[in-house]
Protein chains: 2
Amino acid sequence: MKGIRRLAQHLDISIGTVSRALNGRPDVNEETRKRVMAAAQELGYVPNQSGRSLRQGTTNIIGFMIQTGTEITGQGDTFFMSVFDGVQAVFARHKLDLVALLCSSEEDPSDYLRRVVARGFADGLILSATRRHDPRIEFLAERNIPFVTLGRSLTDAGRPWLDLDFEGMAQTAIDRLVARGHRRIAVTRPHDDVNLGYVFVDRCREALAAHGLTLDEELIFRSTPTEAGGYQIARDLLALEERPTAILLVNETIAIGFYQALSEAGVRPGRDIAVIGRYSPHAHFLSPPLTCFRLSLRDLGIALAETLLSTMPAFKHHYPQALVNAVWPMELVEGESDAFG
Amino acid sequence: MKGIRRLAQHLDISIGTVSRALNGRPDVNEETRKRVMAAAQELGYVPNQSGRSLRQGTTNIIGFMIQTGTEITGQGDTFFMSVFDGVQAVFARHKLDLVALLCSSEEDPSDYLRRVVARGFADGLILSATRRHDPRIEFLAERNIPFVTLGRSLTDAGRPWLDLDFEGMAQTAIDRLVARGHRRIAVTRPHDDVNLGYVFVDRCREALAAHGLTLDEELIFRSTPTEAGGYQIARDLLALEERPTAILLVNETIAIGFYQALSEAGVRPGRDIAVIGRYSPHAHFLSPPLTCFRLSLRDLGIALAETLLSTMPAFKHHYPQALVNAVWPMELVEGESDAFG
DNA sequence: TCGGCGCCCGTAAACGTTTACGGAACTATG
DNA sequence: CATAGTTCCGTAAACGTTTACGGGCGCCGA
């Protein structure tokens with residue numbers, strides 16, 4: 001005898017009552033509920049997930065899908081850990097569990113979703129590493145599986161998404177650099193599969209145009225979002241006939257490699273070239289400290305969770321005011337890498 | 001009509017046959033199997049996870065438990081991503097799915113396990129951030145849930161575990177430094193909750209003793225495994241009356257902060273002090289490049305997966321020779337940070 | 001006394017699978 | 001032709017829950 005039946009037998013009451021007691025139903029005597037709770041504790045009873053979700057059609061599990069192995073987003077080393085923490089802070093209030101769904105680099109993300117989600121694994125999804133054309137969105141939408149994406153795509157019209165405010169970053173950074181006299185400004189852009197690239201570069205162009213400046217095509221640097229990529233960017237930049245006087249690094253991870261290549265060439269950020277990047281835990285520990293855009297990843301996680309729940313009927317009423325399509329602001333942290341002259 | 005029943009109705013055969021066909025049972029006509037497969041594909045049928053695992057008592061899911069928010073091990077996103085990739089490479093062959101079980105920093109890890117695992121969520125577990133005294137081990141052992149831990153603890157006697165070869169690292173590094181003339185060598189150690197700290201420092205002490213040297217207590221530095229922690233270590237080190245001529249950094253993340261504090265004081269690794277650390281993607285991009293111990297995280301993941309499967313009856317015969325208690329070797333990557341004089 | 005009502009509880013169906021069992025149709029063997 | 005064996009398929013039970021339904025019991029007011 002196992003499970004709830006064992007508990008019922010032990011208490012000499014019916015399994016129905018046990019279930020009701022455990023689930024906080026009103027139609028059970030307060031006295032019996034106490035006894036049931038105590039016995040459950042004593043026997044270490046935990047309801048079987050499969051049985052419960054088979055009956056209820058719900059799992060109380062939310063999946064955060066991330067892709068292992070690949071390097072396309074260029075998020076720093078603590079990025080996901082921090083976001084997870086924020087998401088969980090919200091989910092804990094609703095007895096929801098967060099698990100990370102790990103899609104192998106060897107498997108197509110859409111196939112993965114089909115396998116693992118269509119079989120009723122999670123009640124809702126958070127998608128990261130959103131691609132410019134992302135078939136996962138359509139897949140989930142037509143199946144009515146609640147989801148929210150971290151990152152914009154071209155196919156997310158009407159779907160809930162959150163993203164970092166890369167336009168704000170572009171605008172602020174460009175304005176700041178131009179105000180300090182820079183006229184020739186370089187930018188980096190991530191992989192073409194990521195919509196962010198277009199959004200960011202376009203906004204940089206606009207911001208420059210507002211000052212009567214143009215974005216030289218040779219000043220748009222692509223690379224893998226890794227330390228080595230940053231190194232390569234600096235090498236390419238230094239090799240230019242006409243060097244820029246400033247650069248905007250859109251990824252977190254590339255700053256170290258970028259700094260190193262400059263250092264080898266005797267070029268110093270903040271003196272010979274202005275550098276603005278993205279915050280990461282080591283941004284302050286570079287020489288000179290990196291001027292960068294920072295955001296609270298935990299708060300971003302909280303917002304993601306609330307956005308997701310606001311699309312789920314069972315939780316909707318708790319989050320009527322949640323953001324559905326929004327960019328998450330970043331603040332500028334002053335370092336010394338963009339001092340100049 | 002939903003699920004397998006719908007498929008059966010559509011094909012006008014019984015659900016039993018459909019199930020057998022999909023699961024590759026021998027007692028089904030090859031012709032019918034083709035039809036079933038085709039129809040499943042066409043209708044986008046995917047077996048319901050709950051129904052299947054309720055019946056089978058197995059989920060085909062392996063959980064990799066990690067703790068979010070907290071900073072105790074100093075392992076970041078890229079560490080786990082790489083390990084995951086290796087684990088998945090093995091699991092893919094057995095139609096097992098890997099998910100990361102995210103334990104919030106606000107919840108006790110043991111409580112978390114009780115909640116999420118005792119309810120039959122996963123067939124097996126990989127535990128990370130193993131503590132010196134880790135009640136999770138006993139919990140899983142007495143429930144006969146297959147598991148393997150990444151990291152040793154005091155309570156894992158007879159349990160399967162894998163760990164990095166910190167003894168080998170200590171031995172190699174100490175021997176190397178002593179051979180180069182160092183007599184006063186500092187080491188770092190992680191949080192006391194992590195067994196690694198004892199293992200590593202003890203071995204350092206032994207290795208030094210073999211050369212007739214002792215490990216001065218004031219040369220054992222503790223800190224959080226973060227950039228800021230590394231910074232603090234360097235400050236403390238520099239403030240000593242009698243500075244060491246070499247230091248061994250046992251965590252990955254602290255090197256940057258350590259370098260920065262040295263730099264601010266005009267002390268250069270490889271010239272004024274020898275530094276040996278752990279590999280991370282930015283180790284080569286420090287100035288000077290860090291001499292460090294590296295390992296293949298993907299291979300470590302593969303070994304973890306094989307070790308776990310070798311303890312699971314259903315897969316045991318595939319991995320008769322798997323490591324059960326083993327340390328994973330690290331290789332020394334020559335940088336310039338331990339050149340001296 | 002009797003009907004109605006509220007409180008609490010037991011019964012049993014249902015969720016979507018897998019699989020043991022049995023049987024029908026066919027083949028091979030003597 | 002009888003029998004045994006093989007191949008394939010349908011039936012139904014079982015996995016562990018939740019929950020709709022109905023009923024027993026005590027209480028209250030008429």
Side-chain angles (χ1 to χ4, degrees), chain A residues 1-37 39-40 43-61 95 115-123 143 314, chain B residues 1-37 39-40 43-61 95 115-123 143 314:
Chain A
M1 190 75 73
K2 289 167 47 184
I4 203 173
R5 242 169 275 273
R6 174 161 136 73
L7 203 52
Q9 188 182 29
H10 181 257
L11 289 164
D12 199 30
I13 58 181
S14 81
I15 62 169
T17 304
V18 173
S19 176
R20 279 188 295 263
L22 291 172
N23 292 2
R25 287 298 156 90
D27 55 346
V28 47
N29 187 291
E30 206 48 47
E31 168 68 19
T32 11
R33 184 192 310 281
K34 289 239 176 60
R35 285 179 51 224
V36 171
M37 292 299 196
L43 300 187
Y45 169 76
V46 178
N48 176 282
Q49 173 69 24
S50 302
R52 156 176 291 197
S53 62
L54 178 58
R55 172 60 214 236
Q56 297 198 133
T58 185
T59 63
N60 288 335
I61 292 172
K95 296 193 183 305
R115 258 189 336 109
V116 82
V117 172
R119 69 189 196 191
F121 186 88
D123 293 346
R143 260 153 245 259
Chain B
M1 191 76 73
K2 291 165 47 184
I4 202 173
R5 241 169 274 275
R6 175 161 134 74
L7 204 52
Q9 189 182 30
H10 180 257
L11 290 163
D12 198 31
I13 57 180
S14 79
I15 62 169
T17 303
V18 173
S19 176
R20 280 187 295 262
L22 291 171
N23 291 2
R25 287 297 156 89
D27 56 346
V28 47
N29 187 291
E30 205 47 47
E31 168 69 18
T32 7
R33 184 192 309 280
K34 289 240 175 63
R35 284 178 55 222
V36 171
M37 291 300 197
L43 300 187
Y45 169 76
V46 178
N48 176 282
Q49 174 69 26
S50 303
R52 156 175 292 198
S53 61
L54 178 57
R55 171 61 214 238
Q56 298 198 133
T58 186
T59 63
N60 287 337
I61 292 173
K95 295 194 182 306
R115 262 192 329 111
V116 83
V117 173
R119 70 189 195 191
F121 186 87
D123 293 347
R143 261 152 244 261

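On a predicted model such as this, the values are computed, not experimentally measured, just so you know.
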Please state how far atom CD in Gln9(B) lies from atom P in dG16(C), giving the value in whole angstrom units. 14 Å
Asn23(B) CG to dA20(C) P, straight-line distance once rounded to whole Å: 12 Å
Closest approach to the side chain of Asn48(A), judged atom by atom: which nucleotide of dT17(D), dT11(D), dT18(C) is it? dT17(D)
Whole-Å distance separating the CD atom of Glu31(B) from the C1' atom of dT7(D): 15 Å
Just how far, in rounded Å, is P of dC7(C) from CZ of Arg33(A)? 14 Å
Between the base of dG16(C) and the side chain of Arg6(B), is one N or O donor paired with an acceptor at under 3.5 angstrom? no
Arg5(A) has its side chain closest, among dA12(C), dC8(C), dG16(D), to dG16(D)
Hey, does Gly16(B) reach any base, or is it just sugar-phosphate, or nothing, if we go heavy atoms under 4.0 Å? base
Mind listing the closest non-hydrogen atom pair of Ala21(B) and Arg33(B) along with its distance? O-NH1, 2.9 Å
When the distance from CD1 of Ile15(B) to P of dC8(D) is rounded to whole Å, what number comes out? 20 Å
Whole angstroms only, please: what is the CZ-P distance between Arg20(B) and dT7(D)? 15 Å
Side-chain N or O of Ser14(B) versus OP1/OP2 of dC9(D): is the shortest distance under 4.0 Å? no
Please determine whether salt bridge (Lys or Arg N to Asp or Glu O under 4.0 Å) holds for the pair Glu31(A) and Lys34(A), giving the CA-CA distance in whole Å, both sets of side-chain angles, and the decisive distance to 0.1 Å. CA-CA 5 Å; Glu31(A) 168 68 19; Lys34(A) 289 239 176 60; over 6 Å; no
In the structure I gave you, are the side-chain heavy atoms of Val28(A) and Val36(A) within less than 4.5 Å of one another anywhere? no
Nucleotide nearest Leu54(B) when distance is taken to its side chain, options dG10(D), dT17(D), dG16(C): dG16(C)
Heavy atoms from C-beta onward define the side chain here; which of dG16(D), dG10(D), dC9(D) lies closest to that of Ile13(B)? dG10(D)
Minimum heavy-atom distance Asp123(A)-Thr59(A), with the two atoms named: OD1-N, 2.7 Å
With a 3.5 Å distance limit and no angle check, can you tell me whether Arg35(B) reaches the backbone of Leu11(B) through a side-chain donor-acceptor pair? yes
Is there, by distance only and without an angle test, a donor paired with an acceptor across the side chain of Arg119(B) and the base of dG16(D) below 3.5 Å? no
Can you tell me how far C1' of dT17(D) sits from CD of Gln49(A), to the nearest Å? 11 Å
Mind checking Ser19(B) for me? I need base, sugar-phosphate or nothing, with any heavy atom below 4.0 Å counting as a touch. base
I'd like to know whether CZ of Arg6(B) has more than 12 heavy-atom contacts from other residues, nucleotides or ligands below 6.0 angstrom. no
Arg52(B) vs dG16(C): side-chain N/O to OP1/OP2 distance below 4.0 Å: no
Give the rounded distance in Å between these two atoms: CG of Leu22(A) and C1' of dG16(D). 13 Å
Thr32(B) side chain: which of dT18(C), dG10(C), dC8(D) is closest? dC8(D)
Side chain of Ile4(A): nearest nucleotide among dT19(C), dT17(C), dT18(D)? dT18(D)
Look at the side chain of Arg55(A) against the base of dT18(D) and say whether a donor-acceptor pair falls under 3.5 Å; ignore hydrogens and angles. yes
Phosphate-side-chain proximity, Thr17(A) and dC9(C), N/O vs OP1/OP2 below 4.0 Å: no
By nearest heavy atom, map Asn29(B) and Gln56(B) onto DNA chain D; which one lands nearer the 5' end? Asn29(B)
